[in-house]
Amino acid sequence: MSELYLIRHAQASFGTDNYDQLSALGEKQSRWLGEYYAERGIVFDQFITGDMRRHQQTMDAIVAGMGVTENRRHIHPGLNEYDFQHLVARFGASFPEDELYLAVRQNPADKTGYYRLLRRVLSAWSCGQLSDCSETWQDFSNRVEAASGLIRSLAEPGNRVLAVSSGGAISAFIGHVLALSAEKVFDLNLQTRNTGVSHFFFNREKLNLSGFNAVPHLETNGRSQHITYG
């Protein structure tokens, strides 16, 4: 069997003009993860990311922390996140009087309110209640499954694959592996931690989940205050 370490990107820049950019803490989280792997002698044979900037920056810092020269990086858009800003806008167009939507519009810096709204938006999206979306829930699910197919194609005995993606895509990925409903996928989505590691064993036919959302590099050395979700 081969192994897959599927990483959620490090902390991005919530509340700024460009979310798709690691924060200073996000860069540290990524490097710490790379150092954790280096200390334990964990070596990777393949590297995969989506094509979002935060994915690339997270992988760059992990590899730098490991102190290795990276082999050719595979880029697959199936690992990209859904466009949550677009989905929130479409939700507002469909439900302009929704109380939670209006509250978040008045206070966009409120992370708790924003993620509560996002959960509501995702449910409406998966049920086909949002009009004129750039991507349907099924389209999103299909492209994540295409990325899973690429990863399975890399299976070689003893092969280790390191991949960086986003919370929604990782949750959908796990949803395919465990045959979860969309609602269960969204539950996972809102639990994913920055640089959280989900671990799988796989071959060319299937993937088996063996661990979800672990942050061992942040649970030691007094770093627990650096565990983030955004």
Side-chain angles (χ1 to χ4, degrees), residues 1-10 30 33 36-37 42-52 54-55 58-59 62 73-84 87 115 118-119 121-123 125-128 135-219 227 229:
M1 297 288 280
S2 300
E3 291 182 82
L4 168 64
Y5 292 69
L6 182 57
I7 316 297
R8 188 194 174 194
H9 64 79
S30 306
L33 180 55
Y36 174 87
Y37 288 144
I42 298 174
V43 178
F44 295 96
D45 303 288
Q46 302 283 348
F47 301 83
I48 308 173
T49 71
D51 59 19
M52 307 187 97
R54 59 189 183 270
H55 300 165
T58 298
M59 182 67 85
I62 292 172
R73 184 179 302 184
H74 301 271
I75 308 295
H76 198 294
L79 295 176
N80 289 351
E81 189 62 291
Y82 48 73
D83 187 342
F84 54 89
L87 292 177
Y115 286 115
L118 180 58
R119 182 65 172 77
V121 169
L122 293 175
S123 292
W125 181 41
S126 69
C127 293
E135 180 177 51
T136 67
W137 162 252
Q138 191 59 56
D139 289 340
F140 172 70
S141 182
N142 288 345
R143 67 171 170 82
V144 171
E145 178 62 15
S148 173
L150 168 64
I151 290 168
R152 293 195 307 274
S153 75
L154 300 174
E156 297 291 344
N159 206 28
R160 280 200 187 108
V161 177
L162 180 65
V164 175
S165 183
S166 289
I170 290 170
S171 301
F173 190 102
I174 293 172
H176 286 298
V177 172
L178 300 181
L180 300 179
S181 67
E183 294 298 321
K184 292 296 185 183
V185 167
F186 303 147
D187 288 342
L188 292 180
N189 188 174
L190 297 180
Q191 297 179 52
T192 54
R193 299 182 281 195
N194 296 121
T195 59
V197 183
S198 295
H199 181 263
F200 306 78
F201 290 102
F202 71 99
N203 57 30
R204 290 181 182 266
E205 285 73 45
K206 66 178 181 177
L207 294 111
N208 293 322
L209 179 68
S210 64
F212 170 63
N213 202 28
V215 285
H217 56 299
L218 301 179
E219 293 173 338
I227 296 174
Y229 293 82

Centroid-centroid under 6.0 Å between Phe173 and Phe200 rings: yes

Main-chain N/O of Ala155 paired with Asn159 side-chain donor or acceptor, under 3.5 Å: no

Plane angle bin for Tyr37 and Phe44 - parallel if under 30°, tilted between 30 and 60°, otherwise perpendicular: perpendicular

Residues that Ser141 engages under side-chain hydrogen bond (donor to acceptor under 3.5 Å, both in side chains), provided they are two or more places apart: His176

Side chain to side chain donor-acceptor pair (under 3.5 Å) pairs, two or more places apart, involving residues 206-218: Thr195-His217, His199-Ser210

Carboxylate-amine/guanidinium contact Glu135 Arg143, below 4.0 Å: yes

Centroid separation Trp137 to Tyr82 less than 6.0 Å: no

Ser198 (side chain) donor-acceptor with Phe212 (main chain) under 3.5 angstrom: no

Which residues share a side-chain contact (heavy atoms from CB on, under 4.5 Å) with Pro157, sequence neighbours left out: none

For Arg160, all residues meeting side-chain hydrogen bond (donor to acceptor under 3.5 Å, both in side chains), sequence neighbours excluded: Glu3

Qualifying salt bridge (Lys or Arg N to Asp or Glu O under 4.0 Å) pairs, either residue in residues 192-205, two or more places apart: Glu156-Arg204

Near-ring test Tyr229/Tyr115, centroid separation under 6.0 angstrom: no

Selection residues 165-174 - residue pairs positive for salt bridge (Lys or Arg N to Asp or Glu O under 4.0 Å), sequence neighbours left out: none

